[in-house]
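Inspection log for the structure reproduced underneath, given as structure tokens.
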Amino acid sequence: MDMQASAGGIDVQSEAVLWQLNKGSRAVIIGFDGAMPVEYSSRLSEMGFHIGETVTCLLRPGFGCPRVYRVSNTVYSLDEDLAAFIRVIVDG
Amino acid sequence: MLIGSPNCGKTLLFNRLTGLRHKVANFPGITVEMASGPMPDLPGVTLVDYPGSYSLQPLSRDEIVAVDEFKRGLRDPDVSHVICVIDVTRMEKSLYLTLQVIRLARRSGKRVLVAANMIDVLESHSIDLDFEGLSRELDAPVIPVSARTGSGIERLLETLREPLDEGTRLEPAGDIEVRADLLVQQAAHGLARRYGPNSDVLVRSQHRLDAFFLHTWFGGLAFFAIMFLLFQSIFTGAAPAMDAVETGIAAMAGWVVPLLPDGIAADFTSDALFSGVGAFLVFVPQIFVLTLVVGLLEDSGYMARAALICHRPLRFFGLTGKSFIPMLSGVACAIPGVYAARSIDSPKKRRLTYMAVPLMPCSARLPVYALLIAAFIPSTTAAFGFVGLQGLAMFLIYFLGLVLGLVVAGLAARRDRDPTPDVPFVLEMPPYRMPGLVPLLRQSLHRSGDFVTRAGGVILGVTVVVWVLGYFPNGGTDLQSSWLAIIGRTIEPVFAPLGLDWRYGVAILTSFLAREVFVGTLGTIFGIELADADMVPLIERIHNSGLEAASGFALLVFFSMALMCVSTLAVLARETGSWKLPLKMFLVYGAAGYLGAVAVYQVLSLDVFGV
């Protein structure tokens, strides 16, 4: 995969999981890890985290707290147990 | 039928259309039960409100309730319309459910209206949307409304008044099936892109506040400061009103009692009504302040942020950030707290939350805490007048309740051997909103009024029984030889290790019906015993009764731990489907409370503490 630029430590256009996104970084969802139960991936899709959607990491509070992501005009907080199973391509 | 995604303003619209006052707040999952009510503007029509759901494939318990009941409603021939509520500021999350509902309702022969709620937010940012275009795409009327301001409600009612086309009444579908549908998701996404607000102004203002309230350091400090202020306000904010109620009751007693002929009627009015029930009423302003501040947090949108901040520490105890909302609701009353736990997706964490909620210091404990704190903690201030010692003591006793809840949940979580993987944490962050003062005051009045009505009957009943037992057989001349004293002395050995005499033992015994009865019972007992013409505050009477401070602290510990609320036990049995857990909690918490109180009394009575 081409490394075009760096978005706070993660290379733009590189594949990552949502949990790795830095504050202010954007990424496009490319899929869900196979280990995630299908009802959770369905629920995330219903909430707007579907394949092809752009997600922005708004905040990364410390001490392992859930992180804050924006999809469309809605803001969600996701724990590592979930965000680590959402595969993304870093967009900027 | 009224359906929509969580936190889209359904219940506020329901209240607007029915004139009822069901609880509303600014975080997802506040409505966990169905509600119904007649619509005054449409005689003969009943509106049913369902808990919010992101889709018709439910995950959490409140969603299962909503979806099952909704499908049942679709089969009901008396149901004519489905009102699907969408949040226009965050359209995509609402449209997926809307498309599913429209498809299903049509198959069932029901007419669908879409209430595009929160139009006032768009107007405040000068954002225009093409609702007619959306209406054409959905093939259903889309009516822009604001449940908050009432804008568009008349048009919604007019649309509901329109007669149904014969063609829309199809044969009800027999077996209704819904499956996750990628096409529906894509359609919802496309519609939201085309017709939803494109401006990110709505998220930007939210983000600025989140950057502070969810900051690694400032967020935690702000959380503790908010919680501390909440408990300080219970004393400082309510003090003038409490003084006013106390003075008012004393003045009324001074006016009413002399009008009655000397004897049983005057004694009953003075001892049972003014001393007994009046002693409880003095604490109602504190309950009002508590519900007001909790309501302020709920309406502002801060609760979801607090849930996020608490998630990691709560996880250590086997709970989730979502447990914070039932636990804080439990501070007002354990019953809504137990119901609020329905929104927790994980059955394991829901069960642990059930175990923690009854240990939260609820409104019923508040009069007991306030009485004992006021009796033993001086009303002085520290830190240059910023920290009231009584408020600090209240904060600490509330903190004790929280710690107890966490320890119990943590111990239970570590004993759990269930290998099923747990449901991960995902929570919608609602936008911050400035709470409306008038609705907030009205809601707090309603909640505290409801509390008084519910507790008042029990307190009055118990007070009458206690008064009769304490007044006879010697006409109130000697409490020590009354029937009540005979009963009290029989149980006195149980409470002796806490340094309590029979009067306090009787008050504890009656408080097993409801904790707040403790205050009314003591008020009645001291009313008979002292038989004075002037109303002396109960705090002063406790001081004069010779109760040691060590016993006061032991009582605080006992009331913090013991589960003495019949209604909470019944609701727990209903929610868990059996009496096993509530009975176990009743016995274990009661025994722990008693042993903890004995330990506190015995330790504080040692000379080294000088208490």
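Please read all numbers here as calculations on a predicted model, not as lab measurements. Lettering follows sequence order; numbering is per chain, from 1.
The pair Arg194(B)-Glu137(B) counts as a salt bridge, with a side-chain nitrogen and a carboxylate oxygen less than 4.0 angstrom apart. A salt bridge is absent between Asp33(A) and Arg87(A): the closest approach of a Lys/Arg side-chain nitrogen to an acidic carboxylate oxygen does not fall below 4.0 angstrom. The pair Asp81(A)-Arg315(B) counts as a salt bridge, with a side-chain nitrogen and a carboxylate oxygen less than 4.0 angstrom apart.
In this structure, a donor-acceptor pair under 3.5 Å is absent between the side chains of Glu63(B) and Tyr54(B).
In this structure, the side chains of Glu92(B) and Asn73(A) stay at 4.5 Å or more apart for every pair of heavy atoms. Side chains of Met36(A) and Leu82(A) form a contact here, defined as non-hydrogen atoms less than 4.5 Å apart.
Contact annotation for residues 215-223 of chain B against chain A (heavy-atom separation below 4.5 Å, listed by residue number): Thr216(B), Trp217(B). Heavy-atom proximity under 4.5 angstrom to chain B picks out His50(A), Glu53(A), Leu58(A) from residues 50-58 of chain A.
Looking at Leu97(B), neither its backbone nor its side chain comes within 4.5 Å of chain A, counting heavy atoms on both sides. For Thr89(B), the part lying under 4.5 angstrom from a heavy atom of chain A is the backbone only. Of the two parts of Val68(A), only the side chain, counted from C-beta on, holds a non-hydrogen atom closer than 4.5 Å to a non-hydrogen atom of chain B.
Every residue two or more places apart in sequence or in another chain that forms a side chain to side chain donor-acceptor pair (under 3.5 Å) with Asp345(B) is listed here: Lys322(B).
Among pairs with a residue in residues 69-92 of chain A, those fulfilling ring pair (Phe, Tyr, Trp, His ring centres under 6.0 Å) read Phe49(A)-Tyr76(A), at least two apart in sequence or across chains.
Geometrically, Arg208(B) does not engage Tyr432(B) in a cation-pi contact defined by less than 6.0 Å to the ring centre and at most 45° from the axis.
For Phe212(B), the CZ atom counts as densely surrounded, since its 6.0 Å shell holds more than 12 non-hydrogen atoms of other residues, nucleotides or ligands.
Counting heavy-atom pairs closer than 4.5 Å to chain B, the top residue among Arg43(A), Glu80(A), Arg60(A), Lys23(A) is Arg43(A). When the candidates Pro66(A), Ala83(A), Gly62(A) are compared by the number of heavy-atom contacts under 4.5 Å with chain B, Pro66(A) comes out ahead.
Cys310(B) contributes atom SG, which lies 9.0 Å from atom CG of Leu328(B) (distance to the nearest 0.5 angstrom).
In this structure, Pro430(B) and Arg90(B) approach most closely via the heavy-atom pair CA-NH1, 4.1 Å.
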